[in-house]
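All residue numbers refer to positions in the sequence shown, counting from 1.
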Amino acid sequence: EPLFRELAAAGQKAVTVPICISPWGKGYLRDEFLPTVRDVRYSDGRCELDFSVFDEYVDFARSCGIGPQIHCYTILKFAHRFTYYYIDGETGEERGVTLDPAPSEWKAFWRPFLVQFERHVMEKGWLADAFIAIDEGDPKDQFTTRAFLKEVAPRLKFATAANKDGRLFKGLDADV
């Protein structure tokens, strides 16, 4: 709590929330950033999400004065091809699937998550403040990710940070 209050006093306006296992990649950071959304996948294609930790985390950060924005990391990682993790519904074990952004397998993986996530933040009254955030993704991948987000969860906002020439992002419809 003291750290969060210090961040709020310094002017932090966005709650940074990891919504998937290792949103910046396993081994990239010393702290793997455990997910605030429990993502359980079943062999029949069902995706069950538990938002209880997400809700508690956002409520806590806001009670400390951080917000109103909620930046949720992330459906697109640094590298073009990346491993996304989930809990196997049959075994309870963590599994990973390595995907390229935008092809049908990537879309099939993220579609049920994003549909449920959009509905959840709407029910919580957080839709105006919730952003799917991308941190330094490849420009081409950010354009395709934004288009996909508009298709499956059109009311969710999009935030991005770039580590490349800003001209490469000209026309990207980012909210932040």
Could you check whether any side-chain heavy atom of [X] comes within less than 4.5 Å of a side-chain heavy atom of [Y], counting everything from C-beta outward?
| X | Y | answer |
| --- | --- | --- |
| Ile19 | Ile132 | yes |
| Leu114 | Phe148 | yes |
| Glu48 | Gln116 | no |
| Val152 | Glu118 | no |
| Arg62 | Asp59 | no |
| Ile134 | Asp141 | no |
| Ile70 | Phe54 | yes |
| Leu49 | Arg119 | no |

I'd like to know whether the aromatic ring centres of Trp106 and Phe109 sit less than 6.0 Å apart in this structure.
no
For this output row, return yes or no: ring centroids of Tyr86 and Phe113 closer than 6.0 angstrom.
no
So for atom CZ, which belongs to Arg38, do other residues, nucleotides or ligands contribute more than 12 heavy atoms lying within a distance under 6.0 Å?
no
So for atom CD, which belongs to Glu56, do other residues, nucleotides or ligands contribute more than 12 heavy atoms lying within a distance under 6.0 Å?
no
Look up atom [atom1] in [X] and atom [atom2] in [Y], then write down how far apart they are to the nearest 0.5 Å.
| X | Y | atom1 | atom2 | value |
| --- | --- | --- | --- | --- |
| Arg5 | Gln12 | CZ | CD | 13.5 Å |
| Lys107 | Thr144 | NZ | OG1 | 8.0 Å |
| Ile66 | Lys13 | CD1 | NZ | 10.0 Å |
| Thr16 | Leu7 | OG1 | CG | 9.0 Å |
| Leu99 | Leu76 | CG | CG | 11.5 Å |

Are Val58 and Phe60 connected into the same hydrophobic cluster when the rule is that any two of I, L, V, M, F, W, Y join if their side-chain heavy atoms are below 4.5 Å apart?
yes
Taking Ile87 as the starting point, is it possible to reach Tyr42 by hopping between hydrophobic residues whose side chains are less than 4.5 Å apart?
yes
Using every non-hydrogen atom in the two residues, find where [X] and [Y] come nearest and quote the distance to one decimal.
| X | Y | value |
| --- | --- | --- |
| His71 | Ala133 | CB-CB, 4.0 Å |
| Asp88 | Val40 | C-CG1, 4.5 Å |
| Thr74 | Cys20 | O-SG, 3.3 Å |
| Cys64 | Glu1 | SG-CG, 3.7 Å |

Please work out which of the three classes, parallel, tilted or perpendicular, describes the rings of Phe51 and Phe117, given edges at 30° and 60°.
tilted
Polar side-chain atom of Lys157 near backbone of Ala128 as donor-acceptor pair, under 3.5 Å
yes
Are the side chain of Thr36 and the backbone N or O of Pro18 linked by a donor-acceptor pair below 3.5 Å?
yes
